[in-house]
2 protein chains.
Amino acid sequence: MKIPEQLYKDIEVIGGIDKIIEKLPDENRMIRQSQIYDALSSPLRLKILNLLSIQPLCACVIQKITKTSPSKLSYHLSVLTENNLIEGSKEATWITYSLTELGKQYVLTKL
Amino acid sequence: MKIPEQLYKDIEVIGGIDKIIEKLPDENRMIRQSQIYDALSSPLRLKILNLLSIQPLCACVIQKITKTSPSKLSYHLSVLTENNLIEGSKEATWITYSLTELGKQYVLTKL
DNA sequence: TTGCTATTTCAATACAAATTGAAATACATA
DNA sequence: TATGTATTTCAATTTGTATTGAAATAGCAA
């Protein structure tokens, strides 16, 4: 494999390709991280997270604000829940959703 | 629509559902944000970003480290490039990729 | 009990993203 | 010019995700 001369030198200084690989984060950590990003990769789900950062809400209010069908909303709420970004607490007929600590971190980190 | 009594009061204090909607980020901003998260939602792409945070690299070295086929790698590099997370600069036969400022922000923000 | 609302679940479909392998491009060098 | 390497592009296929509508569940209230 031929590579640019300067790059070759840079890699030598680091200690070779093996040293670069060693510096990488743990594989499982990257997989978990990518799953969280995947949960965040939908405009509707970001809207839900932002809503819940303003005020914990029951699904029916979220549904009204976001104008989604019940089953569609339920699907997206489940994606967020499974990834530990929100949690629901049941009270009578309603389930009130709120951000988890993890969810708060991501909503507040507006990059 | 019936909702939990406490929630009803909370929403009143905020100024009603309309006020909650007003507090939401701009729709286009959320769409853009979701696209970036989508670009970050793959373990391979996160690995590439982390690699480039250690050292800008040409595609062939990334290919060797990540053990991907040329066309597969090219596809993922294009996703990252299109979302302005990395950029490539051509020199002779090689294209050396490095993180953009935006890319650096996301790699350094290890939530 | 009956009916009503909130919510989820499920199966079918529709849509989008990722992978593959072959071919194209582009530059370097013998 | 001919060959080889780096990289991208393209079309076909596979895989994964989202949407839909109907049905199920669960609690409340008449």
Side-chain angles (χ1 to χ4, degrees), chain A residues 1-8 11 17 31 34-48 51-52 56-83 85-98, chain B residues 1-8 11 17 30-31 34-48 52 56-83 85-98:
Chain A
M1 184 176 55
K2 288 198 67 186
I3 64 175
E5 191 176 353
Q6 183 55 49
L7 176 52
Y8 185 81
I11 293 177
I17 284 181
I31 290 172
S34 71
Q35 289 167 339
I36 294 173
Y37 284 134
D38 197 50
L40 296 167
S41 71
S42 134
L44 175 55
R45 292 197 291 263
L46 287 187
K47 188 178 248 179
I48 293 169
L51 278 173
L52 299 182
L57 296 168
C58 62
C60 57
V61 173
I62 300 174
Q63 194 191 320
K64 181 164 192 185
I65 294 177
T66 60
K67 301 188 180 100
T68 42
S69 68
S71 67
K72 182 174 177 177
L73 180 61
S74 191
Y75 168 72
H76 288 283
L77 288 172
S78 78
V79 172
L80 291 170
T81 302
E82 279 158 20
N83 284 282
L85 291 162
I86 67 175
E87 61 192 353
S89 83
K90 192 158 186 173
E91 184 202 335
T93 356
W94 306 285
I95 301 176
T96 299
Y97 286 94
S98 54
Chain B
M1 185 176 56
K2 288 198 67 185
I3 64 174
E5 191 175 352
Q6 183 56 49
L7 176 51
Y8 185 81
I11 293 177
I17 284 181
M30 285 191 286
I31 290 172
S34 71
Q35 289 167 339
I36 294 173
Y37 284 133
D38 197 51
L40 295 167
S41 71
S42 136
L44 175 55
R45 292 196 291 264
L46 287 187
K47 187 177 249 179
I48 293 168
L52 299 183
L57 296 168
C58 60
C60 57
V61 172
I62 300 174
Q63 194 190 319
K64 181 164 191 185
I65 293 176
T66 60
K67 302 188 178 98
T68 42
S69 68
S71 66
K72 183 173 177 177
L73 180 61
S74 191
Y75 167 71
H76 288 284
L77 289 172
S78 78
V79 172
L80 291 169
T81 303
E82 279 158 20
N83 284 282
L85 291 162
I86 66 174
E87 61 192 353
S89 83
K90 190 158 188 174
E91 183 201 337
T93 357
W94 306 285
I95 302 178
T96 299
Y97 286 94
S98 54

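All values reported here derive from a predicted model rather than from experimental measurement. The basis for the numbers below is simple: all heavy atoms, side chains too, and nothing from hydrogens, waters or symmetry mates.
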Minimum heavy-atom separation for [X] and [Y], please, with both atom names.
X       : Y       : result
B/Leu7  : A/Pro56 : CD1-O, 3.4 Å
B/Asn83 : B/Ile36 : OD1-N, 4.2 Å
A/Thr96 : B/Pro4  : OG1-CG, 4.3 Å

Per-pair distances, 0.1 Å, donor-acceptor, side chain in residues 86-94 of chain B, under 3.5 Å, sequence neighbours excluded:
from    : atom 1 : to     : atom 2 : distance (Å)
B/Trp94 : NE1    : A/Lys2 : O      : 3.0

(message) When you compare the side chain of B/Ile3 with that of A/Leu57, does any pair of heavy atoms fall below 4.5 Å?
(response) no

Specify the separation, in whole Å, of atom [atom1] of [X] and atom [atom2] of [N].
X       : N      : atom1 : atom2 : result
A/Leu77 : C/dA6  : CG    : P     : 15 Å
B/Asp38 : C/dC15 : CG    : P     : 18 Å
A/Lys72 : C/dA11 : NZ    : P     : 21 Å
B/Arg45 : C/dA18 : CZ    : C1'   : 9 Å
A/Glu91 : C/dT7  : CD    : P     : 11 Å
B/Trp94 : C/dA28 : CH2   : C1'   : 8 Å

(request) Take B/Ala92 and B/Tyr75, find for each the nucleotide of DNA chain C with the closest heavy atom, and name the residue whose nucleotide sits nearer the 5' end. (result) B/Tyr75

(message) Need to verify one output field. Residue with the more 5' nearest nucleotide on DNA chain C, B/Ile3 or B/Leu44?
(response) B/Ile3

(request) Sequence neighbours left out, what passes side chain to side chain contact (heavy atoms under 4.5 Å, CB included) with A/Gln6? Give chain and number order. (result) A/Lys9, A/Asp10

(request) Can you sort out the partners of A/Ser69 under side chain to side chain contact (heavy atoms under 4.5 Å, CB included), two or more places apart, ordered by chain and number? (result) A/Ser71, A/Lys72

Side-chain polar contacts of residues 38-46 of chain B - donor-acceptor pairs under 3.5 angstrom, sequence neighbours left out - could you list them?
from    : atom 1 : to      : atom 2 : distance (Å)
B/Ser41 : OG     : B/Asp38 : O      : 2.6
B/Ser42 : OG     : B/Leu44 : N      : 3.3
B/Ser42 : OG     : B/Arg45 : N      : 3.1
B/Arg45 : NE     : B/Ala39 : O      : 2.7
B/Arg45 : NH1    : B/His76 : ND1    : 3.1
B/Arg45 : NH2    : B/Asp38 : O      : 3.1

(request) Select from A/Ser41 and A/Lys90 the residue whose nearest nucleotide in DNA chain D is closer to the 5' end of that strand. (result) A/Ser41

(request) List in numerical order all residues of residues 57-67 of chain B for which some heavy atom is under 4.0 Å away from an atom belonging to DNA chain C. (result) none

(message) Could you work out, with side-chain hydrogen bond (donor to acceptor under 3.5 Å, both in side chains) as the rule, every residue matching A/Thr66, not counting sequence neighbours?
(response) A/Thr68

(message) Below 4.0 Å from chain A heavy atoms, what is the first contacting nucleotide of DNA chain D and what is the last?
(response) D/dA6 to D/dC28

